[in-house]
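Remarks on the structure that follows.
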Number of protein chains: 2
Amino acid sequence: MGETRVLGDPLKQFAKEIFVRVGMPPEDAETESTVLIWANLRGVDSHGVLLIPWYVENVDKCMMNPKPNIQIMKETPATLLIDADRAFGAVVTMFAMNRVIEKAKEVGVCWAAIRNTTHQGAIGYYALMAAEKGMAGLTFVCNPPNMVPYGAKVPGVHNSPIAISVPAKRHRPLILDMATSVVAAGKIHLALDKGVPIPVGWAIDKDGNPTTDPKEGTALLPFGGPKGSGLALMFECLSSVMVGNPLLEPALLDKEVGPLTQGEKPEVIQVRPGYSSRHIQNSVVVAIDISTFTDVEGYKEHIDNLIDGLKALPKAEGFSEIFVPGEPENRIFDDRSRNGIPLPEGTVRKLRDIAQRFDIRLPLG
Amino acid sequence: MGETRVLGDPLKQFAKEIFVRVGMPPEDAETESTVLIWANLRGVDSHGVLLIPWYVENVDKCMMNPKPNIQIMKETPATLLIDADRAFGAVVTMFAMNRVIEKAKEVGVCWAAIRNTTHQGAIGYYALMAAEKGMAGLTFVCNPPNMVPYGAKVPGVHNSPIAISVPAKRHRPLILDMATSVVAAGKIHLALDKGVPIPVGWAIDKDGNPTTDPKEGTALLPFGGPKGSGLALMFECLSSVMVGNPLLEPALLDKEVGPLTQGEKPEVIQVRPGYSSRHIQNSVVVAIDISTFTDVEGYKEHIDNLIDGLKALPKAEGFSEIFVPGEPENRIFDDRSRNGIPLPEGTVRKLRDIAQRFDIRLPLG
């Protein structure tokens, strides 16, 4: 009771089918559903299939573009500026990461900035793409404000996540994928779904007061105070401002904008702080070719040794194991790949509604 | 009583003179003393002239090399691998940052990895060099373990700092310069000098227990638990392991090494965790040419607006002002540039000893 398990493959087929029905080319629908199911398999359910109804709603409102005209606006041997045309995030980010990997092979490193994309899902996926090619991968993402800068009592920065991945040999690649807030927004949504309180320190309410009510905790708090807050701000400077599409600039945030129509391509799409009815983001993806600097096989062996060494350190009280970045998610991945992805009732209900709308069978008993 | 003020210029001349006496070419001594005094002027005294006696000691032990053979080992259009030959950190890092800035002008971005350097001082300086050329600058640094990975009770990672700087127009450049620990080691040394306790949560003792005694707090704690710990680990993967000089790998850490002689150039210089008698670090410096992506003047104006906007947000309780990264240090810089740098008695005493050894006048009343 309360949750149903479904295998990754049929769930991916279901997601893909929905995306085709809203107008995506099949290969893009494959890309998008791959990233969603990857998140579910790794236990990052906040970035999995529960997003499908929201994505469909964004297509309905012409905010997410199922048939984008993704364009390389500028290119040098080591950089790319890509306009996403409000593409589904996975579609443009996978395109970008494949390009930077190719270019990094030529000149050692490639740094791409993506403008006007939409939700990019679990960004560890893109960093991992580089690691799987024997490179180091780096991604970060900026959105309109949802996090309180250190010293403020209203949102002014986004809890911009960063992901870094490097390859190992015996071990799976390391994948760090973290938000700059104390916790990701998904954890608060989860508490809301479960009807449980949140700890003080995760979020504040609209008046800037601490709250344990997940419904009231609308503004996230930065991790490490000025550190998380500062990192988030600098990511905006390196991504949104760099692509001429600032998302945190207050004067721009106050601009009222109506819903977009399919043909409209505004330069700047903004929302009020803390009231994001609009959904846009900018991002940076980087690949670093390890072979430019050192022997790749030797590199991977050193990463193995580093992992083994860290895991063998004496444990702190209350810890039975030391985890390296990505390891807890890999364990869940193995379990869910065999035994299926557990979907809570609320998610199943929403997916049934979507399935009914498009007259598609939800792959559940 | 208790502290003496000295102007930046004579203090810099003093530092430069010492470095020349230990064998540095005058232009390198100028570079090194510039970065030290910059830290003092900005209030980051842990990275200022109090390091001079330690640097001299490291030269005595042949660990810091005043006449290094800095070499570019590998080069592509967008990358550099630089061997520092145990140079003073500022000497090789300023060399590297100047090179990446030049190369970024050609191909948009340049990523350099530096191996076998020594203490790099306040790394915000190097990121700022890029911002002053209208670029974005990024630096991070890795050393042997001094911080406890999340879940462990002994050091296994370094509290690797990261610095990011971008230019503004009316405002001074933003400079984020932060360690991945809750506080920098310097704050614990300062508490020790002042004879005051440290808060629980800054560091643990050699048995893994929380402590408020700065003498016992030998292992730093990561900020944000697994987040600070994970970032530090990934910085090592992107720098030390990338240059074939791992500093956190336990098997290598346990290797006993004797003091270096001037002619010796070992591939790997290691120390036991928490017992760093040896001093070596690796680093990454990156410059991103803003003009590759967007109009630089427009960029700077957006950063101005972003700064103004953040500072105008409603303040949290207990805050009279919201600071952007680098702003508190800029205020101290203005004060100390006019009124001099306050040196505590302990620092003055150590500098007097050094002055006496080299028969140089310490520029104090």
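Note on naming: letters A, B, ... go to the chains in the order of the sequence lines (proteins, then strands), and numbering restarts at 1 for each one.
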Pick one of side chain, backbone, both or neither for [X], based on which atoms fall under 4.5 Å of a heavy atom in chain A.
X       : value
P149(B) : side chain
K227(B) : both
S165(B) : backbone

Relative to chain B, which segment of [X] carries a heavy atom at a distance below 4.5 Å: side chain, backbone, both, or neither?
X       : result
V182(A) : backbone
E317(A) : neither
S240(A) : neither
L80(A)  : backbone
K315(A) : both
F223(A) : both
A179(A) : both

| side-chain contact (heavy atoms from CB on, under 4.5 Å) between M135(A) and I101(A), intermediate numbers included | CA-CA 8 Å; M135(A) 295 191 176; I101(A) 289 169; 4.1 Å; yes

| query | Between N116(B) and N282(B), does any side-chain donor sit less than 3.5 Å from a side-chain acceptor? | reply |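 Absent: no donor and acceptor within the cut-off.
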
| If you measure from the Lys or Arg side-chain nitrogens to the Asp or Glu carboxylate oxygens, is any gap between E321(B) and R331(B) under 4.0 Å? |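 The answer is yes: the pair qualifies as a salt bridge.
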
| If you count heavy-atom pairs under 4.5 Å with chain A, which of D295(B), D308(B), I288(B) comes out on top? |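 The candidate making the most pairs under 4.5 Å is I288(B).
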
